[in-house]
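Input: a single structure, listed below in structure tokens.
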Amino acid sequence: MLKRLLQINKNLSEKLFDKGASTPTQNAKVIGESDHGINRADVSRNAISVIEQLQQAGHSAYLVGGGVRDLLLGSKPKDFDVATSATPEQVSEIFRRSRIVGKRFRIVHVRFGREIIEVTTFRANHTQSEGEGDAKQSEHGILLRDNVYGDLKSDAERRDFTINALYYDPTTRELLEFSSGLEDLQKRTLRIIGDPEARYKEDPVRLLRAVRFAAKLGFSIEAATEHPIREHADYLSHIPSARLFEEVLKLFLSGSATATLTNLRDYHLFQYLFPSTDYCMENGSDFDREIVFSATVNTDKRIRQGKRVTPAFIYAAFLWPALQASMRHLMHDKKLSALEALGQASQGIISQQLSYTAIPKRFLVPMREIWDLQLRLPKREGKRAFASLEHPRFRAAYDFILLREQAGENIEGLGDWWTKFQTADEETRQSMITDLGRGQPRQKRRRSRRGRRGGQNASANTGNAGNSPTDSGNSGGEGSSPSS
Ligand code: ATP
Ligand code: MG
């Protein structure tokens, strides 16, 4: 498809329309099917159905955004977005299975089984606004509400990047362009629409979107678009933590997490999402950097393989270096046990992180469980290994052990042990457990509370590649309760 695109500017069947605001394609370049090359059959049937129903009801409606962009690039779109002249209320009247969502930016979700088509009403510039309350700015110039409706042309100007502002009409099979989207696609260039500084200021999330699209598409960022990113990275500190969490999902769970992380760090944006991780990556050990990058590499690989990925795992890995640093401090200076240190450290790390990205509870709980199991999986004597195997978070915690090892931590073959144990027959499992005790000094079963604490600290701080307080070797003698 890119080859075809290279031809487009040469033999563009450019028709300029200028019949006033009532004309749907005001001043757009109109590109015919043979030139743009989008195959209508590649568009979601549900998206086409939404567009057709809106058009039949007398509204204009187009496919826009990532769906059009990705089809032109010859890749499979993640989802399909529709832009229309109909207001959210009009859209929701037409579709029974629809819901108006969002306050800052109202859109309609039209549901077809598992597929959701996002329908957005054409937006306008706020200076053109007549309606109060539809547009609102914060003291920092950020748009707190962006619900001023306009026409197709103004909508194109309100979109973020030129490559995201191409409109496809499945009825006429024509592509409409208002800026340099097609040429930028050919040149593999990300270019923001309008004045870059102003556009980043009114919505700093565009800073994140710029580095995300550059990473995902392998595009270079055009100079004027790139220039303000580092300088204005701090705009991100004014974005609500709930919105930043949603962006984190897009940044790290869309298959290009590794390239995105590199970009985020290069452009000094990462510190506004994961300050403690960024600090550890800057000032910590090789392991601190490795575990974060290993987590993104593994996540990208799982997505390529069509496997499930969860933010809980990514968060567990990203926050691990800071958690370990905090645990080390609590165990050395405050003389806490590994288990106590884990409890306190995780509370502190999580509450700091929540003020940056609001992680919902449904991800926080499994993240904590992955961490807790890092103390539990080294203890395998008696029935402990069998009990851990039954834990609902065992698989993620086991993957996390492998991740720690992959990042260079020495956990005395714990990953291999669990790999073997999972598939071994009953007899082998028993002998694996029996073998654990061999060569280990016998631990006293009962110790005083003071004695137990002393013992934990002594055994839990054996330095290694990761210098991790959670490493307990095979001894199982840390004293932290497996039922924690
Ligand atoms: P993806 O493949 O990640 O879905 P996308 O470009 O479709 O990429 P969406 O977040 O689905 O991204 O947004 C759909 C479209 O809405 C974008 O292509 C863009 O035109 C517009 N858009 C989204 N967010 C913004 C924003 N913050 N500012 C301006 N336009 C935006
Ligand atoms: Mg999209």
Side-chain angles (χ1 to χ4, degrees), residues 43-44 46-47 50 62-84 101-102 104-110 115-126 135 141-148 150 152-168 175-181 184-185 190-219 225 229 235-236 238-240 243-257 259-260 303:
V43 179
S44 146
N46 296 326
V50 168
Y62 300 90
L63 193 70
V64 68
V68 178
R69 178 195 70 221
D70 293 345
L71 286 176
L72 288 166
L73 288 170
S75 52
K76 194 173 182 299
K78 171 167 79 57
D79 49 36
F80 290 92
D81 305 299
V82 169
T84 180
V101 297
R104 183 188 63 84
F105 196 87
R106 296 177 82 217
I107 59 172
V108 185
H109 279 174
V110 184
E115 187 179 19
I116 290 176
I117 306 295
E118 283 193 357
V119 184
T120 310
T121 304
F122 294 152
R123 293 304 198 269
N125 268 322
H126 292 216
I142 297 173
L143 289 180
L144 300 175
R145 229 162 280 159
D146 189 359
N147 294 314
V148 181
L152 177 62
K153 186 167 183 288
S154 66
D155 189 74
E157 287 164 6
R158 297 286 315 148
R159 293 197 172 258
D160 49 5
F161 303 101
T162 59
I163 58 167
N164 287 344
L166 293 160
Y167 297 76
Y168 176 71
L175 187 73
L176 307 186
E177 184 197 46
F178 293 87
S179 48
S180 57
D184 289 335
L185 271 181
L190 193 73
R191 185 190 309 273
I192 202 161
I193 296 169
D195 173 58
E197 239 176 87
R199 299 304 312 283
Y200 290 132
K201 191 166 189 187
E202 65 178 18
D203 185 3
V205 165
R206 291 172 189 147
L207 297 161
L208 297 174
R209 291 176 64 87
V211 302
R212 174 161 73 88
F213 289 125
K216 168 179 160 165
L217 305 170
F219 278 27
T225 304
I229 299 183
Y235 286 170
L236 283 174
H238 305 304
I239 299 294
R243 188 164 177 221
L244 285 186
F245 175 76
E246 291 304 318
E247 289 305 316
V248 162
L249 299 186
K250 295 184 193 170
L251 291 162
F252 297 109
L253 299 178
S254 304
S256 314
T260 303
I303 289 172

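Ligands are counted one by one from 1 in listed order, and the atoms in each one are counted from 1 as well. Since the structure is predicted, the reported quantities are computational estimates derived from the model, not experimental observations.
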Do [X] and [Y] have side chains that get closer than 4.5 Å, going by heavy atoms?
X: Phe178; Y: Leu152; result: yes
X: Arg159; Y: Val64; result: yes
X: Val68; Y: Tyr62; result: no
X: Leu208; Y: Leu244; result: yes

Listing by chain and number, which residues have a heavy atom under 4.0 Å from ligand 1?
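Residue list for ligand 1: Gly65, Gly66, Arg69, Lys78, Asp79, Asp81, Arg158, Arg159, Asp160, Asn164, Asp203, Arg206, Arg209, Arg212, Phe213, Lys216, Arg243, Lys250.
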Are the charged groups of [X] and [Y] less than 4.0 angstrom apart, N to O?
X: Arg199; Y: Asp203; answer: no
X: Lys250; Y: Glu246; answer: no
X: Arg158; Y: Asp146; answer: yes

Walk me through whether Asp70 and Lys216 qualify under side chain to side chain contact (heavy atoms under 4.5 Å, CB included).
CA-CA 11 Å; Asp70 293 345; Lys216 168 179 160 165; 3.9 Å; yes
Residue and atom names of protein N/O/S atoms that fall under 2.8 Å from the Mg ion (ligand 2):
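Protein N, O or S atoms closer than 2.8 Å to the Mg ion (ligand 2): Asp79 OD1, Asp81 OD2.
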So, is the end of the Arg123 side chain (NZ or CZ) under 6.0 Å from the ring centre of Phe105 and within 45° of the ring's axis?
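Yes, Arg123 lies over the aromatic ring of Phe105.
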